[in-house]
Number of protein chains: 2
Amino acid sequence: MKHYPDPLALVDVALFTIREGRLALLLATRRNRDEPYCGALALPGGVIHVDEDEDAQDAARRVVRTKLGIDPPYLEQLYTFSGRLRDPRRWSLSVAYYSLVPQQVLEATHIEGLEFVPVDALPKLPFDHDAIAAMAIRRLRGKSTYSSLLTFLLPQAFTLPELHAVYEQVTGSNTNIAAFRKKVLDEGMIEPTGQRRTGGQHRAPDLYRRKGAGLQELKRTI
Amino acid sequence: MKHYPDPLALVDVALFTIREGRLALLLATRRNRDEPYCGALALPGGVIHVDEDEDAQDAARRVVRTKLGIDPPYLEQLYTFSGRLRDPRRWSLSVAYYSLVPQQVLEATHIEGLEFVPVDALPKLPFDHDAIAAMAIRRLRGKSTYSSLLTFLLPQAFTLPELHAVYEQVTGSNTNIAAFRKKVLDEGMIEPTGQRRTGGQHRAPDLYRRKGAGLQELKRTI
DNA sequence: TTAATAGTGTCTGTGAGACAATATCAG
DNA sequence: CTGATATTGTCTCACAGACACTATTAA
């Protein structure tokens, strides 16, 4: 029975938020002098800590907590990237996650070495992080159409025009808000709070919240 | 800089085919005396061989080749299962794949220790293979509606009633073949070969083939 | 009252589904 | 010709989208 050396086991996180009205990704300057691409901007990530992390999702949660000081409201596995050459150290395997965080949660957060970069202005990233980011954006776009995913980019109570703006920003589409309103409402994934947002210059919009704590999806299971 | 022990890195494969008109999964009797659950039926899998496998997909392909002697026509990553307790040996991480193979390719294949079990009659499986199988079935069902995935369960040339039968078997639905025909045809993922299947007792059905070598999908990206 | 934004109602095109009608095969 | 299966055509319903209309707010 031959014995094989273990691959390096990592997690990486593509963390989205809305920054100045644009969909943005969190990039972190790589710190530890021993690690490859030190000084470069990359997706936050790191090796799995088998003595602390219960599973890979837990490791991803720890990465976010360490970087931003918050528990990510939404965190989902994206894909596992692997291979002999993707990391200069050795054969490696990175379980990639994507996460959504409302702007407001990060308001105070201006931590040294962290940047939120609009997804249409990403720099060249080290490792295969370009591919990870691209797949995360693709997944986010896809799921936006048939789930309550985008509500995780907004505060607990939000208006329909806000949700619509995020939808257009993320999907790059330009659909009519009336149609969007009807679609979203009879999908039944959000519900009115009964309140309205006063204080604006114009008609006060109704406030909505996500129905249920977690993600809601339409039939298609993927 | 603390050093962490590496997790055990595995791949597992949920391999589907049609057996006696029913959707079935390949299960293998676990062989090696040193490994856990020896003698039990489980999804085929094994540790990643960093000196042979270029990446995890490559490892999954090797597993199928070793068990069945064929290269799987369709093989896609499903999800990565991980955790401290899922494998009795140690903290482990299994990149799970699912694969589709036409019945005809496996015709001759009756290999000792392998079984094709209908998915609605699966036994209790070791590790978290129950969860892997369940997710694979879920994914297969979901993707059946909006991709050319099911054509990988059929030979290169197939008839529309055959595709429809597979569709009903996989999704458990009971839709009308006329509607199915129209839907499938104007999705444009299959095309007529120009031939028909003669020799049956009744009207000879048109033969079709998948358009393009790989999987075709409708917009939704997942 | 006005300008601007929010929300509602009507119409239309597309696609999936049921069902009916037609076509083709072997015996 | 007959019985069985394959294929095509027609109708309907659901839904997403455009667009026009009404409602509400602060100034």
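Values below: all heavy atoms of this structure, side chains included; hydrogens, waters and symmetry mates excluded. Below, read A as the first sequence line, B as the second, and so on, with proteins coming before strands; counting in each chain starts at 1. If you're wondering where the values come from, they're calculated on a predicted model, not measured in any experiment.
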Quickly work out the A:Asn176 CG to C:dC11 C1' distance and round it to whole Å. 13 Å
Round to a whole Å and report the spacing from CG of B:Leu185 to C1' of C:dA16. 14 Å
Tell me if the side-chain of B:Lys183 makes a donor-acceptor pair with the base of C:dT14, cut-off 3.5 Å, by modelled atom types. no
When the nearest nucleotide of DNA chain D is assigned to A:Thr198 and to A:Glu187 on a heavy-atom basis, which residue is associated with the more 5' position? A:Glu187
Atom-to-atom span, CD1 of B:Ile177 to C1' of C:dA16 - whole angstrom: 15 Å
Rounded to the Å, how far apart are A:Phe180 CZ and D:dC15 C1'? 15 Å
Between A:Thr193 and A:Arg209 (side chain of the first, backbone of the second, donor and acceptor by atom type, cut-off under 3.5 Å), is there such a pair? no
Separation of D:dC15 atom P from A:Leu218 atom CG, nearest Å, is 11 Å
Among C:dA23, D:dG17, C:dA18, find the nucleotide with the atom closest to the side chain of A:Ala179. D:dG17
For B:Arg86, is there an ion pair with A:Asp55 - N to carboxylate O distance below 4.0 angstrom? no
Regarding A:Glu217 and A:Tyr146, do their side chains bring together a donor and an acceptor under 3.5 Å, going by distance alone? no
Would you please classify the geometry between the B:Tyr167 ring and the B:Phe180 ring as parallel, tilted or perpendicular, with 30° and 60° separating the classes? tilted
Just N and O in the side chain of A:Arg181: are any of them under 4.0 Å from OP1 or OP2 of C:dG7? yes
Ring-plane angle category for A:Phe127 and A:His129, please: parallel below 30°, perpendicular beyond 60°, tilted otherwise. tilted
Tell me whether B:Glu191 at atom CD has more than 12 heavy atoms from other residues, nucleotides or ligands lying less than 6.0 Å away. yes
Find the distance A:His164:NE2 to C:dG7:P and express it as a whole number of Å. 13 Å
Along DNA chain D (nearest heavy atom to each residue), the more 5'-positioned of A:Ala178 and B:Arg203: B:Arg203
Examine distances only and state if a side-chain atom of A:Asn176 and a backbone atom of A:Ala179 form a donor-acceptor pair shorter than 3.5 Å. yes
Restricting to nitrogen or oxygen on both sides, can you table the protein-nucleotides 1-3 of chain C pairs closer than 3.5 Å?
none

Atom-pair distance (CD on A:Gln195; P on D:dT25), nearest Å: 14 Å
Rounding to a whole Å, what distance do you find between A:Asp186:CG and D:dA16:P? 6 Å
Let's test your reading of the model: under 3.5 Å, does the base of C:dT14 pair with the side chain of B:Lys182 as donor and acceptor? no
Under 4.0 angstrom between B:Arg196 side-chain N/O and D:dA6 OP1 or OP2: no
